[in-house]
Amino acid sequence: MSAEKFKFPTSSYEELTKIIKGYGALDKPVNLDEVRKVTGIGTTVISGNAGFLIELNILEPGAKKAITASGRSLSHALEHEMPDEIRSCWQNIVLENDFISKLITAIKIRNGMDENTLQSHIAYSAGQPKKKQFMTGARTIIDILRASETVQEIDGKFIISRVQKSVDSHDREAPQEKTIKETLVNKPASAAQKLHETSGTQVRVNINISVECKPSDLDELGEKLSNMIKNINDEDSNTTTE
């Protein structure tokens with residue numbers, strides 16, 4: 001990944017989300033002082049994070065900045081503390097951003113990174129020096145990745161989320177395979193019939209019956225077995241015609 005200037009957040013994740021909620025509450029082009037009145041955060045801090053929020057398409061650029069549609073959705077989810085919606089909004093935002101998408105790819109290629117290595121990698125990739133304010137920004141980006149659940153931390157190492165891998169794997173299934181799986185899950189009573197219709201493969205079902213009886217029952221056993229087989233055949237015939 002080439003070193004390109006990428007505008008970093010200057011605040012923690014918690015403070016950054018307060019700024020996002022502030023812009024969402026105003027929901028119109030506003031200046032820094034209007035956001036300060038809503039959030040109680042100084043204009044210098046708000047200004048220091050504005051570039052990053054523009055990079056993520058959460059804010060629109062301009063002298064007076066307005067929140068975007070994706071930023072508004074995130075702000076609303078944060079305001080109401082809706083975990084699933086927060087995760088979904090962050091996931092859409094980070095996967096649409098070229099810089100953060102490349103970070104996720106780098107984590108995957110390296111089979112994970114510990115927090116210090118990942119922080120340094122983020123700052124280096126953004127073309128930023130290894131100074132306290134940029135390390136804070138790098139930690140905030142890591143917290144955003146956590147919130148989006150695109151990565152997870154296991155034993156002190158950040159790796160690609162297993163949930164994300166599972167979704168990707170499911171999406172790569174062949175349409176025929178997915179149809180068969182859905183048939184087996186949703187319609188167990190006619191699984192053999194639906195599998196035949198989907199794949200064109202004949203299905204043979206062997207039924208083994210174990211019978212325990214006394215010698216005195218042997219005279220009637222043949223008739224009982226004949227009736228049982230007849231009932232099974234009749235039921236199968238009715239199922240096929242349906």
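Everything numeric here is computed off the predicted structure, so don't read it as measured data.
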Does a side-chain heavy-atom distance below 4.5 Å link [X] with [Y]?
X      : Y      : result
Thr43  : Asn31  : no
Ser11  : Thr140 : no
Ile159 : Asn111 : no
Leu53  : Leu16  : yes

If every non-hydrogen atom of [X] is compared with every non-hydrogen atom of [Y], which pair is closest and at what distance?
X      : Y     : result
Ala25  : Ser75 : N-OG, 4.4 Å
Leu32  : Ser47 : CD1-CB, 3.7 Å
Ala138 : Phe8  : N-CE2, 3.7 Å
Ser101 : Leu95 : OG-O, 3.1 Å

Residue pairs involving residues 53-65 (criterion side-chain hydrogen bond (donor to acceptor under 3.5 Å, both in side chains); sequence neighbours excluded): none
Set of salt bridge (Lys or Arg N to Asp or Glu O under 4.0 Å) partners for Glu96, sequence neighbours left out: none
Straight-line distance of [X] [atom1] to [Y] [atom2], nearest 0.5 Å:
X      : Y      : atom1 : atom2 : value
Leu56  : Lys7   : CG    : NZ    : 12.0 Å
Leu118 : Leu103 : CG    : CG    : 7.0 Å
Ile100 : Thr150 : CD1   : OG1   : 8.5 Å
Thr39  : Ile20  : OG1   : CD1   : 12.0 Å
Leu74  : Arg72  : CG    : CZ    : 12.0 Å
Ile41  : Lys18  : CD1   : NZ    : 6.0 Å

Passing candidate, side-chain contact (heavy atoms from CB on, under 4.5 Å) with Phe158, options Gln152, Arg146, Arg110: Arg146
Verdict with supporting geometry, Phe52 and Ile19, side chain to side chain contact (heavy atoms under 4.5 Å, CB included): CA-CA 12 Å; Phe52 176 68; Ile19 295 171; over 6 Å; no
Stepwise side chain to side chain contact (heavy atoms under 4.5 Å, CB included) test for Ser125 and Phe99: CA-CA 8 Å; Ser125 300; Phe99 176 80; 3.9 Å; yes
Steps toward side chain to side chain contact (heavy atoms under 4.5 Å, CB included) verdict (Tyr23, Val38): CA-CA 9 Å; Tyr23 276 101; Val38 172; over 6 Å; no
Tyr13 and Trp90 aromatic ring geometry - parallel, tilted or perpendicular at 30°/60° bounds: tilted
From CA spacing to verdict: salt bridge (Lys or Arg N to Asp or Glu O under 4.0 Å), Asp143, Arg139: CA-CA 6 Å; Asp143 286 339; Arg139 280 195 299 273; over 6 Å; no
Hphob cluster co-occupancy, Ile122 + Met135, side-chain heavy atoms under 4.5 angstrom: no
Under-4.0 Å salt bridge between Asp98 and Lys102: yes
Side chain to side chain contact (heavy atoms under 4.5 Å, CB included) assessment of Thr136 paired with Thr10: CA-CA 7 Å; Thr136 297; Thr10 59; over 6 Å; no
Leu145 backbone acceptor or donor facing Ser148 side chain under 3.5 Å: yes
Quick one: side chains of residues 77-88, donor-acceptor pairs under 3.5 Å with protein atoms, not counting sequence neighbours, listed by atom name and distance.
from: Asp84; atom 1: OD1; to: Arg87; atom 2: NH1; distance (Å): 3.1

